[in-house]
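See structure below.
Every number for a ligand or one of its atoms is a count from 1 in the order of the listing. Hydrogens, waters and symmetry mates play no part in the numbers below; they use all other heavy atoms, side chains included.
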Amino acid sequence: MKAAPGTDARAWQTNFVPLELFNTLSGKVEPVYASDGANVRMYCCGPTVYDYGHIGNFRTFLHVDALRRVLAMLGHSVRHVMNVTDVDDKIIRNAGAAGQPIDVYTKKFTDAFFEDSDALGVERPEAIAMATENIDGMVALIERLAAQDIAYKAEGGSWYFRIAKFPEYGKLSKKDFEGIEDGARVDVDEYDKDAARDFALWKATRPGETGWDTPLGAGRPGWHIECSAMAMKYLGDSFDLHAGGEDLMFPHHENEIAQSESATHQPFARHWFHVRFLLVEGRKMSKSDGNFYTLRDLLLKGYRASAIRFLLLSVPYRHQLNFTFDGLTESTNAIDRLRTFHTRVRDGKWAEGTDPALALAIHEGDLAYTHALCSDLNTAEARAAIFDVLRAVNTAADKGTLLRAEAEATLTLLAKFDSVFAVLEDRDAELTRAALAWAQREDREADASLVATLSLSDEDIDKLVAARTLAKKQRNFAKADALRQELLDKGIVLEDSKDGVRWKRK
Ligand code: AMP
Ligand code: ZN
């Protein structure tokens, strides 16, 4: 049964529009579908939890989130798996420097990653696989490769993948590795981008390092084997789609394919989805250049989580996104317009009836929105289609010609929009408050005016606003102005409108 428009955010579901995406493997735009006829089975490489996630990481996770939400919007059932890399060279190094066991060290950053994901409205995958809880599966996969002499143990006790045994090596990244040097090896997690080398499957533990005692010897898994083993454990030998940032194409994803297909002789993932890297103010983000931002850094500067989500999503995933503070301000204003519009249409009293011309404009907006998302996830055009509807409906409302049928159609379309973009609900002040509480615990600096703003509760603000309204009524304009200024100093902006005074935090 269909729910009433606006009550079930996914009430418009339809199975007829295909979502088409660029597939790195085939080099073509192709439909995404559930090859088992039930679920779209997708795997996304998750975070390496050695630090807080930065906005580049979240650009990738947000587009994967948009992808799963669009699939759901189109009526697909999704089985999405993500790993968490909670053991690797950097983690071992950083945990050692912090004097902590690796599980204590990684738990803090794993928790922070999911807090940040929640703040950004990233839906949780159906399964989350921790590397350290899946060591047996990785060992079993290496043993399978060893049985075919594709995995070999080198002096020092580490195991490697013999890439000369996988002639298709390079098929994803389209690199030509002719004349691969058999036996040339690499075992660090920070790879040479162009070289083809036998890569580590299992790294022998060195004194003082974390390791597992296994039939392969004492050691820890290489990063690539982690994703092969976990993807196949949760999704089967062959599945529909594999996602990650563009840097993972080579060698990580190339190596995942080599390991998995050598073991199973089946195609691993059919469709490969890669998100282009984000730049900040035109440059590669880097700590030493001072243009490196985590979500928490931005929240503590007073930017809203919803605006960050909207900005990171507004540029389609295959285009370069240049993140700027002007862009963030634009995104904040766009969200304000959308929220004000949504409230206006929802709460207004609209006369019964319908206006065919406006009904058609809304319907066309809906088609353009859906078509844009289905055309290689074109979030920019999808967003533009919604703003076209916003302008047309606002014009009708201003003229007093908006009627009940179109108000309802608009709310249904906004719910459809929000099932992917997820920015209408205002949780921003609450999320900023949580970031501030974290900053205080961690003794980190936050923007002073932000601290002042959030030190006032909604009740305190309501009282000050009421006092100002009373002063105005009593024609005590000096007092009214002083109260407005006091509120402004504390970061509260007042808006006088026909329906009374509204306030918002800056
Ligand atoms: P990591 O935690 O470094 O393994 O990265 C997690 C995800 O973020 C991977 O899919 C990376 O490809 C992606 N990623 C890292 N940096 C950026 C960036 N600047 N822009 C977009 N995605 C990124
Ligand atoms: Zn991976």
Side-chain angles (χ1 to χ4, degrees), residues 24 42-67 80-91 94 106 109-110 112-114 116-117 120 122 125 128-131 134 137-138 141 172-173 189-191 193 199 201 221-235 239 241-260 268-269 272-287 289 291-295 308 311-313 315-323:
T24 311
M42 55 187 258
Y43 183 89
C44 173
C45 295
T48 306
V49 283
Y50 66 93
D51 204 343
Y52 294 102
H54 57 67
I55 53 175
N57 300 140
F58 285 110
R59 177 181 202 211
T60 291
F61 294 119
L62 278 165
H63 281 274
V64 174
D65 185 56
L67 166 59
H80 170 192
V81 179
M82 185 183 77
N83 67 307
V84 172
T85 302
D86 58 352
V87 56
D88 88 332
D89 295 346
K90 271 191 235 146
I91 290 173
N94 287 10
T106 56
F109 294 112
T110 307
F113 173 79
F114 286 109
D116 291 350
S117 298
L120 286 170
V122 175
I128 292 163
M130 308 300 291
N134 287 278
M138 300 174 209
L141 184 54
L172 179 72
S173 53
D189 283 339
E190 289 130 25
Y191 294 88
K193 293 277 172 230
F199 55 88
L201 296 164
W223 172 39
H224 316 302
I225 199 74
E226 199 189 292
C227 286
S228 283
M230 297 199 279
M232 293 197 288
K233 170 177 170 183
Y234 287 92
L235 299 174
F239 54 94
L241 183 137
H242 195 311
E246 63 174 344
D247 61 320
L248 301 190
M249 204 185 294
F250 184 83
H252 183 54
H253 289 162
E254 199 73 63
N255 291 352
E256 281 189 48
I257 293 175
Q259 296 161 155
S260 310
F268 181 50
W272 288 82
F273 174 84
H274 289 110
V275 180
R276 191 128 185 232
F277 256 36
L278 161 143
L279 297 180
V280 175
E281 306 280 358
R283 287 173 300 137
K284 192 166 180 255
M285 190 164 54
S286 98
K287 280 192 177 147
D289 283 354
N291 68 344
F292 180 97
Y293 298 109
T294 64
L295 172 67
I308 298 163
L311 176 59
L312 293 177
L313 278 180
V315 174
Y317 75 96
R318 281 173 69 203
H319 291 246
Q320 188 103 66
L321 163 62
N322 183 21
F323 180 95

With sequence neighbours excluded, tell me which residues meet salt bridge (charged side-chain N to carboxylate O under 4.0 Å, His left out) with Asp65.
-> Arg69, Arg309
Parallel, tilted or perpendicular for His224 and His252, by the 30°/60° rule?
-> tilted
Taking the inter-plane angle between the rings of Tyr293 and Phe323 on a 0 to 90° scale, is it parallel (under 30°), tilted (30 to 60°) or perpendicular (over 60°)?
-> tilted
One pair per line, please: each N/O atom of ligand 1 matched with every protein N/O atom under 3.5 Å away, atom names first, then the distance to 0.1 Å.
residue, atom, partner, partner atom, Å
ligand 1, 2 (O), Thr48, N, 3.0
ligand 1, 4 (O), Thr48, OG1, 3.1
ligand 1, 5 (O), Asn57, ND2, 3.3
ligand 1, 8 (O), Asn57, ND2, 3.1
ligand 1, 10 (O), Gly245, N, 2.9
ligand 1, 12 (O), Gly245, N, 3.2
ligand 1, 12 (O), Asp247, OD1, 2.3
ligand 1, 20 (N), Gly56, O, 3.4
ligand 1, 20 (N), Leu278, N, 3.0
ligand 1, 22 (N), Gly56, O, 3.0
ligand 1, 22 (N), Thr60, OG1, 2.7

Just by distance, do the side chain of [X] and the backbone of [Y] share a donor-acceptor pair under 3.5 Å?
| X | Y | value |
| --- | --- | --- |
| Glu254 | Met249 | no |
| Ser117 | Val122 | no |
| Glu246 | Phe277 | yes |

From the Zn ion (ligand 2) out to just under 2.8 Å, does an N/O/S atom of Cys227 turn up?
-> yes
Kindly confirm whether the Zn ion (ligand 2) is within less than 2.8 Å of some N/O/S atom in His252?
-> yes
Would Tyr52 and Phe113 count as a close aromatic pair, with their ring centres under 6.0 Å?
-> no
